[in-house]
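Please read the structure below before turning to the comments.
Only a predicted model underlies this, so the values are computations on that prediction, with no experimental measurement involved.
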Amino acid sequence: MRKLANYALACMMALSLCACGTEGGSSSDSGSALYKAGTYEAEADGFGGSAHPVHLSVTLSESAIESIDYTADGETPTVGGAALPKLVENVLAAQSPNIDGIAGATVTSTAFFTALNDAITQSGADPASIEAKDTGAAKAEDIEKTTDIVIAGAGGAGMTAAITAAEAGKKVIILEKGAVSGGNSSYATGGMNAADTHYQKEQGIEDSADLYYADTMKGGHDLNNPDLVRTLANNSSAAIDWLDSIGAPLSNVGQAGGASAMRQHRPVNDEGKILSVGTYLVEHLTNTCDKLGIEIIYGAKVDRILVKEGVACGLHATGTDGNSIKILADDVIITTGGFGSNPDMIVKYRPDLEGYVSTNAPTVTGDAIPLLEEIGADFVDLEQIQVHPTVVQKDGALISESLRGDGAILLNKYGKRFFDEMNTRDAVSAAISAQDDSYAWLIADQKMADESTVVEKYHSKGYMIKCDTLADLAKLIGCEESTLEETFSKWQAAVAAKNDDEFNHEAITSVVTDLSHAPYYAVQIAPGIHHCMGGVKINTNAEVIDVEGNVIENLYAAGEVTGGVHGGNRLGGNAVADFVVFGRIAGENAAK
């Protein structure tokens, strides 16, 4: 990213800004000028929150937006960081802030336009009145290429499959609907489940693939395909080793809901603080794709799976400019994700979820499902749609389950615990919905904030509210302070005794805090649509199965687009395990 050499950082509010325009010229006839020429500074909170805002330096002549420089240290390099130069390019071409943002980088796009509009306003112009120019760009050229393997979707599963195949010497092209890589994988906040890993052994944690298998089957209410679950569990340790090999170690091991052992592997930064697993892995996977020369064509919405005499032989897509993109290949891999951001499809399979907020990336709309139907693929468990218990309702932001694994608790509006925080997601969601007004508060403390960048990020973005004392926390929740004191006293006694008599907290022996370290951090949450457990049917080789039970030759699928791995409920940490394990299997078998 381009850096500004100097700027005055004078924050006035959370979303705006510096008002420090530097006059660079004047007009003899100010009435004819669109802008007062100069360089204007402005900023707004992006993914990095108020601690690391998106800061713009916008240079205007009297009639044009001449340049936009930015500093955005808080944005994820492969998401917001990749979107910013495209946003600058698009604004300079259109000479207007009234254009579309970058799909998949909504938070960064919103911050960019908020700051840009502020800078334009400082110049004396009205941003809303500046119409976008017709750039007159010619329609993008049609593309037709031939490769060894073509993949639909540059999320975690797609990039894992691509890297695996490229490591085997194959030429790979990925078609990605969005403008950046990642998809739903970028939104993962917890970690990756894996059993019998070298990290567990080094930390004295006892676990096994058999126990992982049993937990996943139980968590999925035994609706899972046992063969797929066995494949997931047996290959999880090797998947951790593979991530090590590409420079993406997940060395911190914590507790996830529904797990009988500490097996959720998480990344840490140089200071040892826990990071969000999704953005971390997407960054490393994207960089590895680049190093291996894997071509990713962005803005390519796949609209047809090419089949010849029953054998998959390529993909057709339409580019954002309407151009045709045709990639012929020996093998095809589908990794387009679920349909959590497609309300119509959600209601089709689960009418009871109408109106629920979604935690999903906006590009995750189930595009591949009708395409797979057209070529005779079979599906399983499409009605199995998971709601996550801890979602901020105003914008669908997910509050990581890993916080509850580390000791965060859930309180109702009266300041009381009401359920085992680390039960399965469907059970915790149901318990929250059953409370008065159907919401709860998730509470962390300073010890958790000191050990995890996740709490820090939620606070800087305004999701978690900092309360210096229990009295302040009681005031925020609207409950009696004495009730809160009793709740915390019981929790601290349970942690000390390593036994939760009240609600049988399944991970009480592994929490890292008893919430005795003020200040406190609180966020109001309720359930939201999170994961589609159902999808296209595959076997243990990640091959797609047709409606007659036969393999569709040379066609593979992995990740959330598939069904059968998670059954009726996905355990936290299993989505990342799913996309790494089956992404590798798809890439290996396609490469053969």
Side-chain angles (χ1 to χ4, degrees), residues 78 104 143-186 242 246 281-282 285-307 311-319 325-338 361 363-364 366-369 371-372 375 377 535-536 538 541-544 552-562 578-592:
T78 54
I143 298 172
E144 184 165 340
K145 296 185 177 184
T146 299
T147 189
D148 294 324
I149 298 169
V150 64
I151 299 175
M159 289 191 289
T160 298
I163 293 166
T164 303
E167 289 175 331
K170 297 298 181 181
K171 182 181 177 183
V172 184
I173 295 175
I174 307 177
L175 301 179
E176 166 55 39
K177 172 184 175 181
V180 295
S181 59
N184 259 2
S185 300
S186 294
W242 180 78
I246 66 167
L281 286 182
V282 166
L285 291 170
T286 304
N287 290 340
T288 304
C289 284
D290 185 55
K291 290 176 184 177
L292 293 173
I294 295 167
E295 182 179 4
I296 303 178
I297 301 176
Y298 292 102
K301 181 179 179 181
V302 173
D303 49 30
R304 194 161 75 251
I305 300 169
L306 305 178
V307 177
V311 179
C313 61
L315 294 172
H316 183 274
T318 300
I325 303 170
K326 183 178 181 181
I327 310 296
L328 299 176
D330 296 328
D331 294 271
V332 178
I333 305 176
I334 306 298
T335 57
T336 50
T363 54
V364 181
D367 298 342
I369 290 178
L371 308 183
L372 288 160
I375 63 170
V536 67
I538 60 169
N541 292 323
E543 295 171 302
V544 174
I552 299 178
E553 196 171 341
N554 295 4
L555 183 63
Y556 302 85
E560 196 178 352
V561 74
T562 68
D578 182 10
F579 81 61
V580 178
V581 168
F582 283 98
R584 291 186 70 217
I585 290 172
E588 288 171 355
N589 287 316
K592 292 177 182 178

D367 meets the side chain to side chain donor-acceptor pair (under 3.5 Å) criterion, sequence neighbours left out, with K177, T365

Distance-minimising heavy-atom pair for G178 and T363:
CA-CG2, 4.2 Å

Before giving the answer on side chain to side chain contact (heavy atoms under 4.5 Å, CB included), spell out for L285 and F579 the whole-Å C-alpha distance, their side-chain angles and the decisive distance to 0.1 Å.
CA-CA 12 Å; L285 291 170; F579 81 61; 4.3 Å; yes

Please table the atom pairs, donor to acceptor, closer than 3.5 Å between any side-chain atom in residues 581-592 and protein atoms at least two apart or in another chain.
residue, atom, partner, partner atom, Å
N589, ND2, N541, O, 2.9
N589, ND2, I585, O, 3.1

Would you name the heavy atoms of T336 and V561 that are closest together and state the gap between them?
OG1-CG2, 3.6 Å

Which residue pairs pass the salt bridge (charged side-chain N to carboxylate O under 4.0 Å, His left out) test with at least one member in residues 153-163, sequence neighbours excluded?
none

Minimum side-chain heavy-atom gap L175-I151 below 4.5 Å
no

Side chain to side chain contact (heavy atoms under 4.5 Å, CB included) between D331 and D148: does it pass, once the steps are laid out?
CA-CA 7 Å; D331 294 271; D148 294 324; over 6 Å; no

Donor-acceptor pair, side chain of T335 and main chain of A152, under 3.5 angstrom
yes

Measuring from I296:CD1 to D290:CG, what's the distance to the nearest 0.5 Å?
8.0 Å

Which heavy atom of V364 sits nearest to which heavy atom of G338, and what is that distance?
CG1-O, 3.2 Å

Side chain of N184, backbone of A361: donor and acceptor closer than 3.5 Å?
yes

Given side chains that start at C-beta, do those of V150 and T147 come closer than 4.5 Å, heavy atoms only?
yes

In Å and rounded to the nearest 0.5 Å, what is the OG1 to NZ distance from T286 to K291?
11.5 Å

The criterion is salt bridge (charged side-chain N to carboxylate O under 4.0 Å, His left out); which residues satisfy it with D330, sequence neighbours excluded?
none

Distance-only donor-acceptor pairs under 3.5 Å for side chains of residues 156-174, two or more places apart:
residue, atom, partner, partner atom, Å
T160, OG1, G156, O, 2.7
T164, OG1, T160, O, 2.8
E167, OE1, W242, NE1, 3.2

Which distance, rounded to the nearest 0.5 Å, do you find between the CD of E543 and the CD1 of I333?
11.5 Å

Got L306 and K326 here, is their nearest side-chain heavy-atom distance under 4.5 Å?
yes

On a heavy-atom basis, the closest approach of V332 and G314 is CG2-N, 3.4 Å

Can you tell me how far CD1 of I334 sits from CD1 of I538, rounded to the nearest 0.5 angstrom?
12.5 Å

Just by modelled atom types, is the Y298 backbone N or O under 3.5 Å from a matching donor or acceptor in the E176 side chain?
no

Could you work out, with salt bridge (charged side-chain N to carboxylate O under 4.0 Å, His left out) as the rule, every residue matching E295, not counting sequence neighbours?
K145

Could you give me the CA-CA distance, side-chain angles and deciding distance for R304 and L315, then say whether side chain to side chain contact (heavy atoms under 4.5 Å, CB included) is met?
CA-CA 6 Å; R304 194 161 75 251; L315 294 172; over 6 Å; no

Output the distance between atom SG (C313) and atom CG (N554), rounded to the nearest 0.5 Å.
9.0 Å

Shortest non-hydrogen contact from A557 toward V536
CB-CG1, 3.9 Å

